[in-house]
Structures are given as structure tokens and as C-alpha cells.
Q: 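Just passing along the structure, written as C-alpha cells.
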Amino acid sequence: MTAEPMTADIVINGATLVTDSAMFAASIAIKDGAILAIGAPEAMPDAAEVVDATGKYILPGAIDAHVHFRDPGYTHKETWETGTASAAMGGVTTVFEMPNTNPPTGNVEALNMKLESAKKAYVDFGIYGLLGEDNLDQLEALIEGGVAGFKCFMGNTFGNLPSPPSGAILEGFEIVAKHGYRVALHAENASIMARRSKKLRENDCCDPLAHLDARPPVVAVEAVSRAAILAEWTGARIHVLHVSSGDELRPLREAKARGVDITAETCPHYLLLDEHAYTEKKSLIRVNPPVREKVHQEQLWQGVADGTIDMIATDHAPHSHAEKHNDDIWRADCGFTGVQTQMPLMLTQIANGRMTLNQYVRMTSLAPAKAFGLYPRKGALLPGSDADIVVVDLDKVVKVDSALLKSKGSSTPFQDYETRGAPIHTLVRGRFVMRDGELVTEAMGHGLNVRRIQKMPTPRPTNTHTTTRAILEKRGKRY
Ligand code: DOR
Ligand code: ZN
């Protein structure tokens, strides 16, 4: 008896495959949501569907480690349906979603509410639990309940979640370090910003640039350095969100050199915009941390080139049009949409020679997959990996148009930017969620929580004997 020949669900022919380190012409076969084979067209199995992608490029789908989908609580700004639709349209196959919703994701009840909303997701997702001063006793339950990591707001931003003092951060790191989950940090010093912005407001400085003046780079440098010290002490893994200044690169480099498990991301707006944005885009540009002077932009590109910055994420932070536009800068909400425009904007930079496609794959797919324990299920084009695939047309020229964004809060500082290179198909675990540039609406609800496949190595906490728990237990007390 001969075995039935294996049949694939989909074979994609004619494209060039791009990984973090190679680029080669190959066909790719997909079965049961995974990559079955990569090779010569004649070596591919029969398939239920054959897709011609001649002249196109296949990349592992982008993993955006930083999005705010607002649901539950601020669903006039975004929902899981609209946010993940926007991701699908942007070639993003996995997102990590932030806890400054209402309720904040600080306990299991709130997490379960979010998991309920996330049932509408088009793409796969991880959920960050909140690490705050008042919920340290909830962190282990949140891990049990299915978070993929934690977020700590060292500085204030939308949602006004209180910034934990260093003592609480240290204790939070002690708890999370034992389990290996990464803590993402909004690394800005709350008290410096509070004093600066109070003085500016008291003196009626409410122009857009007052926002930048309230948050000088020292705000970020201090927080990154402090977080790195606490992570080094506890063995916690950390991820520095939205690196905005050249100044942050030094503490990042030093911490990496000391062996701290620290990763860092920057966002397209820090790489592509500078202080002129405050005149041109007014309150729309208000974002935390702020878009900075040109000199920082150049240094950030350097950090991208030398690997100090590991990832490109978006800090997708949608707000309504009215919330974004205000003559009083202090009354404009911070942040803007981004998950759908990242790929075309960054592919344009590749067309301009600022980075390579391989670097791009490393920063948007491989690095986040590794940092969050998803590699090689995600972040790779390998047999056995999830078929999270984006097919890209590098020659496609499109203008960014907020009207074409699926996000509810679609104000973008990149309106009318001409981009070169765009995703045309997005597949999540072998299923089209965007096809020929159109959202596949039947795929709503296809997205799954990545926790089911996540494997975080447990770090060896470096100072276990000095943790709050150890010190109490030494005295026969319970933590
Ligand atoms: O500008 C921002 N907006 N920065 C953040 O860190 C949070 C975000 C939001 O949630 O609106
Ligand atoms: Zn954010």
C-alpha cells in the first residue's frame, strides 16, 4: 500500500522569501496553519489553492509589540475588531496590547474582560498585564490567567495610571523575574515631567512645543538607567518601549554590555519626524514620549544600524479627531494610529537605502518573537512555523490616507506621505486576513492568544536572597 501524497492547503509561487539573514526565490506550502515546505516550485506538493506571487516578496508577518486597542473602556477610540483589522491591513500578524484600558488590566477579572473583547481579533495577540504599585499581589494570578508580559508606566500617559515608585518596581521585578516574563517599560521619569509641565502650564505656555519642553531626554535617560539597574539586580527581563532620544542609547548599550536581558524598540514617528512636526502638525503630533529634534533622529538610526535598538513597534494609540485637535496642547490626547502604516513607511526607508529588508525582518518579526518567547513558532519562515506571512509589493506606491485606515482613531501625522512598498496579502496561521489589499471580514475572530505557544525561559534571579519575600521568609513570616 502506498501512502497518500501529502496535499497542502495553499502553495504560493513566484515570490522571493526574505528572512533576517537571507533572500531567495522559493515556493512556500502551507498546511493546517503551519509552513509545510519551502523549496523549488516543482518540489511543492499539490495544493487546494495555488497563489501566484510572481515578482513579490514574502516576509514573516510583523509582530508589533506595542499597540493600544482601548477595549474595554474607550471603545469610541478603538476596539479589538477595528484595531486588529488595521493590523491585518498593515501586514501585522501578531500584536501585543497595552493595559491602560478601563478597567486597566491589573487583575484577572479585568484580563478576562479583555480576553472576551479580543475574541473579535483578526490577528494573533499577546496581552500585557499591568505592573503597578497597587496590584503587585495580582501579578502571579495574571500570569496564571494568560498575560504574555507586563507593562509598567514609569511615567504618566493616557489613562493616568499612577507611576510606581522604585520600591514597587523592584518588588514587581522580583516577582515577575521568577517566571521569566518580560516587563515592558514606559521609561519616563514622572516627577521631572510633572514639575516641568506644571511650570509651563502655570505660565500659560500651551503651544505644541511646550509638550516637548516638558519631557526633555533626561526624563527618559533617568528612567531607562534606573530600570536597567533594577533589572540587573533582580534578573528580570525588560523591554524599553518607544526609545525617542539618542541619549537613551548609552544606558541601553551599557546595560546590554553588563548582560542585562534588555530589549528596546523605537517607532516610525521617532525615525521619520522631528521638531518641525510641531509647527506642521500642531497638536496631532502630541505623543509620549515626544517626537524630538533632528539630532535624535540621526542617533536613533545609528542605534537601529548597530543593533542597540532591537525592534520597530508602533505605539498605535488611537484617539478621536476631536481628542487629537486642540489649540491648548495640554488638552490634546497623546498618541496616534500606527499599526497599519508602519510597514509601508518602513519599506519606503528600505527603498531609500536607510535599512535593508533583512534588518527590517529582524526588527519587526524575529526580534519580538525571540524577546517574547514565540520563536520559532513565530518570527520565522521555517517548516513547522506558524504560516504568519505577509506578501509585499515593493514597487507599490501609495499615499497614506487616514480614510483608508481601519482604525477608529485614524488621525495620522503621515497623512499624504508617499510610500513605496506595501503589503498586499496577510495570512495568519495560513488564513488570509487581508487579500489583494482588502480586509477578509469573515476572518474576524481568527486571532488567538499567543500565550498558548509562548515559552519564556526562566531567568536565574541574580539576588534571590535579598528579595522582599526572602527577607520575610528568613524571619519565618509570609510574603
Ligand atoms: O502618546 C502615548 N499615548 N503614549 C503612551 O505611552 C500611551 C499612549 C496612549 O495610550 O494613548
Ligand atoms: Zn504606548
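Counting starts at 1 for both ligands and their atoms, following the listed order.
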Q: If you count the non-hydrogen atoms of other residues, nucleotides and ligands that lie under 6.0 Å from CD in E140, is the total more than 12?
A: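 More than 12 within 6.0 Å, yes.
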Q: Does H242 approach ligand 1 within less than 4.0 angstrom via side chain, backbone, both or neither, non-hydrogen atoms only?
A: side chain
Q: Determine whether T234 and P461 make a side-chain contact, defined as any pair of heavy atoms from C-beta on separated by less than 4.5 Å.
A: no
Q: Is it the side chain (CB and beyond), the backbone, both or neither of H319 that lies under 4.0 Å from ligand 1, heavy atoms counted?
A: side chain
Q: Does any part of the side chain of Y360, heavy atoms only, come nearer than 4.5 Å to the side chain of V18, both counted from C-beta?
A: no
Q: How many angstroms lie between atom NZ of K399 and atom CG of L404, to the nearest 0.5 angstrom?
A: 12.5 Å
Q: I'd like to check which ligand 1 atoms, numbered from 1 as shown, lie under 4.0 Å from a non-hydrogen atom of F158.
A: 9 (C), 10 (O), 11 (O)
Q: Taking non-hydrogen atoms only, is D333 closer than 4.0 angstrom to ligand 1 via side chain, backbone, both or neither?
A: neither
Q: Is there at least one pair of N or O atoms, one from K151 and one from ligand 1, spaced under 3.5 Å apart?
A: no
Q: Between OD1 of D315 and NE2 of H66, what angle is found at the Zn ion (ligand 2), rounded to 10 degrees?
A: 90°
Q: Return the residue, atom name and 0.1 Å-rounded distance of the protein heavy atom closest to atom 8 (C) of ligand 1.
A: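 Answer for atom 8 (C) of ligand 1: A317 CB, 3.6 Å.
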Q: With nothing but distance in play, are any N or O atoms of H68 less than 3.5 Å from an N or O of ligand 1?
A: yes
Q: With N288 as reference, evaluate M193, H242, H211 under the side chain to side chain contact (heavy atoms under 4.5 Å, CB included) test and give the passing residue.
A: H211
Q: Suppose we only count N/O/S atoms under 2.8 Å; would H186 qualify as near the Zn ion (ligand 2)?
A: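 No, H186 does not qualify, because none of its backbone or side-chain N, O or S atoms lies under 2.8 Å.
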Q: Side-chain contact test, heavy atoms from C-beta onward, threshold under 4.5 Å: evaluate it for V400 versus T419 and give yes or no.
A: yes
Q: Suppose we call two aromatic rings close when their centres sit under 6.0 Å apart. Are H319 and F158 close by that rule?
A: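 For H319 and F158, the ring centres are under 6.0 Å apart.
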Q: Would you please indicate yes or no on a ring centroid separation below 6.0 angstrom for F150 and Y181?
A: no
Q: Among all the protein's non-hydrogen atoms, which is closest to atom 11 (O) of ligand 1, and how far away is it?
A: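 Among all protein heavy atoms, the one nearest atom 11 (O) of ligand 1 is R70 NH2, 2.8 Å.
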Q: Tell me, which protein residue and heavy-atom name are nearest atom 3 (N) of ligand 1, and how many Å apart are they?
A: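 Of the protein heavy atoms, C334 O, 3.0 Å lies nearest.
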Q: Under 2.8 Å from the Zn ion (ligand 2) - does any N, O or S atom of H242 fall there?
A: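 Checking the Zn ion (ligand 2) against H242, no N, O or S atom falls under 2.8 Å.
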Q: Run the numbers on H66 and E97 for side-chain hydrogen bond (donor to acceptor under 3.5 Å, both in side chains), then give the verdict.
A: CA-CA 6 Å; H66 190 167; E97 205 270 342; over 6 Å; no
Q: Quick check: V287 and ligand 1, any N/O pair under 3.5 Å apart?
A: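 Min N/O separation from ligand 1 is not below 3.5 Å for V287.
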Q: Can an N or O of T157 be found at a distance shorter than 3.5 Å from an N or O of ligand 1?
A: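 Yes; at least one N/O pair falls below 3.5 Å.
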Q: When you measure from atom 4 (N) of ligand 1 to every protein heavy atom, which one gives the shortest distance, and what is it?
A: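 For this ligand atom, the closest protein heavy atom is N288 O, 2.9 Å.
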Q: Quick one: look at D315 and ligand 1, take heavy-atom pairs under 4.0 Å, and tell me if it's side chain, backbone, both or neither.
A: side chain
Q: Would a 4.5 Å heavy-atom cut-off, applied to side chains only, mark F125 and F69 as touching?
A: no
